[in-house]
Amino acid sequence: MIRPFLYLIFFLFGTLAYSQIGGKSVYQFLNLVTSPRQAALGGKILTIYDYDVNQGNFNPASINPEMDNRLSVNYGSLFGEVRYGTAAYAYTYDRHVQTFQAGVNYVNYGKFDGYDENGIETSSFTGSEIALNFGYAYNIPFTDIHIGASGKLISSTLESYNSFGGAIDLGGVYIDEANDINYALVIRNIGTQFKAYDATREKLPLEIMAGISQELQNVPIRWHLTLENLQQWNVSFANPARAENNIDGGSTPEKVSFFNNALRHVIIGAELFPKKGFNIRLGYNFRRGEELRLLEQRNFSGISAGIGLKMGRLKFDYSYSRYTLAANTSLFGLTVNFAEQ
């Protein structure tokens, strides 16, 4: 199973090398981490296959009957006034049809003061975006392969401009129960703008990711590894602050090595006591850590941590993600298991 899995990764890696990442497409909020558990493990974890109903928002193939009749709501803030929240619910119709999952992802950018081109103050304005998704997964008969799809309706309002679009996510999970290893491959945000902000339609943030995780045999830890942005090899940029000054007064731009660029595709995480009522989580996002690190100062960018605590029907989750010395993010989550007596 591993060999064809890797072949598929490299095929997609080469054929979709034209795709863009952050700052070059619309609806970037679709890539926000949707739960404290995800955030604490570094984000974009694809291989979780258990009760966590939030997981269907990042890999629809992970939707399964253990999520039945669970509702999760999450809330966080980003860099000041930006607030965002997510919710997810799953329902198992029967063991034949299996499980459906629905979710919502909402972000409010706060209030802005408006000025014209001459610097004269005008009226204030706001911005917000929302996406509604509906997903379903299917276990291919007589195999340990699960495939899933999720459709999204997207609405964005920025000042007096608005846009409407749609997208789908496609995912797959292979569960090796003998070795307790999960493999996953996901293509997210395949779609288009139905209505652009103006006359020009823009690309959605298409992303291809792959992941692997394993629960250790004699230690209650499950480790996770995710390879993000496989549709584009070069995800690095030359930071002007790291340019080398020349004798003639000029400067030489920073050179990002092959190995450094490769690491920027990697996210790692580990969860202690993954099947217990109390969980401890830790993750590291290499691209975030490299892009946000300061010169000659350690600020631990890219590190994330969190906990989970189950009390009866309720499951509380919290995560803390380190970005810079001035801006960090906390995310809070509550999951209610209505099926539990």
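Quick note: residue numbers are just sequence positions, from 1. Just so it is clear, the model here is predicted, and its values are computed rather than measured.
- The closest side-chain heavy-atom distance from Thr34 to Thr86 is below 4.5 Å.
- Note: Phe164 and Phe194 meet the aromatic proximity criterion, with ring centroids under 6.0 Å apart.
- Dense packing is recorded around CZ of Phe316, with more than 12 heavy atoms of other residues, nucleotides or ligands lying under 6.0 Å away.
- With sequence neighbours excluded, the residues satisfying side-chain contact (heavy atoms from CB on, under 4.5 Å) with Phe258 are Trp233.
- Looking only at atom types and distance, the side chain of Arg264 has no donor-acceptor partner in the side chain of Asn229 under 3.5 Å away.
- Of the N and O atoms on the side chains of Gln101 and Asn133, at least one donor lies less than 3.5 Å from an acceptor on the other residue.
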- Chi angles and distances behind the side-chain hydrogen bond (donor to acceptor under 3.5 Å, both in side chains) call for Thr47, His224: CA-CA 7 Å; Thr47 49; His224 301 266; 3.2 Å; yes
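- No side-chain heavy atom of Met209 sits under 4.5 Å from any side-chain heavy atom of Leu227.
- A continuous path of hydrophobic side-chain contacts links Ile268 to Ile303 [ILVMFWY only; heavy atoms under 4.5 Å].
- Using a 3.5 Å distance cut-off with no hydrogens or angles, the side chains of Ser321 and Ser304 do not pair a donor with an acceptor.
- Listed by chain and residue number, Ala149, Ile168, Ile190 satisfy the side-chain contact (heavy atoms from CB on, under 4.5 Å) test with Leu170 (two or more places apart in sequence, or in another chain).
- Scanning all heavy atoms of the two residues, the minimum distance from Pro36 to Leu331 falls at N-CD2, 3.5 Å.
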- Query: Between Ile130 and Val104, does a side-chain contact (heavy atoms from CB on, under 4.5 Å) hold up when you go through it step by step?
  - Reply: CA-CA 7 Å; Ile130 188 171; Val104 60; 3.9 Å; yes
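- Around atom CZ of Phe278, more than 12 heavy atoms belonging to other residues, nucleotides or ligands sit under 6.0 Å away.
- The shortest distance between side-chain heavy atoms of Leu206 and Ile187 falls below 4.5 Å.
- Both Ile212 and Ile145 are part of a single hydrophobic cluster, where members link through side-chain heavy atoms under 4.5 Å apart.
- The ring-ring contact (aromatic ring centres under 6.0 Å, His included) test with Phe332 is passed by exactly one of Tyr320, Tyr318, Tyr84: Tyr318.
- A heavy-atom distance below 4.5 Å is not found between the side chains of Thr126 and Phe112.
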- Query: Step by step, would you call Gln217 with Asp180 a side-chain contact (heavy atoms from CB on, under 4.5 Å)?
  - Reply: CA-CA 8 Å; Gln217 184 174 6; Asp180 211 349; over 6 Å; no
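- With a 4.5 Å cut-off on side-chain heavy atoms, Tyr197 and Glu202 count as touching.
- The side-chain contact (heavy atoms from CB on, under 4.5 Å) test applied to Phe134 returns Phe100, Ala102, not counting sequence neighbours.
- Checking Asn279 against Arg281 by side-chain atom types alone, a donor-acceptor pair falls below 3.5 Å.
- Residues His265 and Asn261 have side chains in contact (heavy-atom distance under 4.5 Å, counting atoms from C-beta outward).
- Atom CG of residue Asn105 and atom CG of residue Leu32 lie 6.0 Å apart, to the nearest 0.5 angstrom.
- Using a 4.5 Å heavy-atom threshold, the side chains of Gln38 and Phe58 count as touching.
- Grouping the Ile, Leu, Val, Met, Phe, Trp and Tyr side chains by contacts below 4.5 angstrom, directly or via other members, places Tyr115 apart from Leu158.
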- Do Thr226 and Val266 pass the side-chain contact (heavy atoms from CB on, under 4.5 Å) test, and can you show the C-alpha distance, the side-chain angles, and the key distance before you say yes or no? CA-CA 6 Å; Thr226 301; Val266 177; over 6 Å; no
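- Hydrophobic clustering, with ILVMFWY side chains joined whenever heavy atoms are under 4.5 angstrom apart, keeps Tyr323 apart from Leu41.
- Asn189 is listed as a side-chain neighbour of Lys152, based on a closest heavy-atom distance under 4.5 Å.
- Side chains of Asn54 and Asn57: a donor-acceptor N/O pair is absent below 3.5 angstrom, by distance only.
- Side chains of Lys315 and Asn337: a donor-acceptor N/O pair is absent below 3.5 angstrom, by distance only.
- In summary, the side chains of Tyr106 and Asn108 do present a donor paired with an acceptor at a separation below 3.5 Å, with no hydrogens or angles considered.
- Salt-bridge formation is not detected for the pair Lys275/Asp50: no Lys NZ or Arg NE/NH1/NH2 atom is positioned less than 4.0 Å from an Asp or Glu carboxylate oxygen.
- Under 4.0 Å is where a charged nitrogen must lie from a carboxylate oxygen, and between Glu228 and Arg288 no such pair does.
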- Query: Should Met67 and Tyr51 be marked as a side-chain contact (heavy atoms from CB on, under 4.5 Å) after you check the CA-CA gap, both sets of side-chain angles, and the distance that decides it?
  - Reply: CA-CA 5 Å; Met67 301 177 179; Tyr51 63 87; 5.6 Å; no
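- We find that Asp317 and Arg37 are not joined by a salt bridge, their nearest charged nitrogen and carboxylate oxygen being 4.0 Å or further apart.
- A cation-pi arrangement is absent between Arg70 and Phe338, since the terminal nitrogen or guanidinium carbon is not both under 6.0 Å from the aromatic centre and inside a 45° cone about the axis.
- No donor-acceptor contact under 3.5 angstrom links the side chains of Arg83 and Tyr109, judged on distance only.
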- Message: Checking Asn74 against Ser35 for the side-chain hydrogen bond (donor to acceptor under 3.5 Å, both in side chains) test, could you report, in this order, the C-alpha distance in whole Å, the side-chain angles of both residues, the deciding distance, and whether it holds?
- Response: CA-CA 6 Å; Asn74 309 288; Ser35 76; 5.6 Å; no
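- Aromatic ring centres of Phe286 and Tyr284 lie closer together than 6.0 Å.
- In this structure, the separation between CD1 on Ile48 and CG on Asn64 is 11.5 Å, given to the nearest 0.5 Å.
- Checking Tyr49 against His146 by side-chain atom types alone, a donor-acceptor pair falls below 3.5 Å.
- At a threshold of 4.5 Å between side-chain heavy atoms, the hydrophobic network of Ile, Leu, Val, Met, Phe, Trp and Tyr places Ile181 and Ile140 in one connected group.
- Side chains of Asn69 and Tyr89: a donor on one and an acceptor on the other come within 3.5 Å.
- No side-chain donor-acceptor contact under 3.5 Å links Ser62 and Gln55.
- When the options Gln193, Lys195, Arg201 are evaluated for a side chain to side chain donor-acceptor pair (under 3.5 Å) with Ser163, the one that passes is Gln193.
- The residues Glu271 and Arg222 are annotated as not salt-bridged, no charged nitrogen and carboxylate oxygen being separated by less than 4.0 angstrom.
- Other residues, nucleotides and ligands contribute over 12 non-hydrogen atoms within 6.0 Å of the CD atom of Glu340.
- Side chains of Ser128 and Thr157: a donor-acceptor N/O pair is absent below 3.5 angstrom, by distance only.
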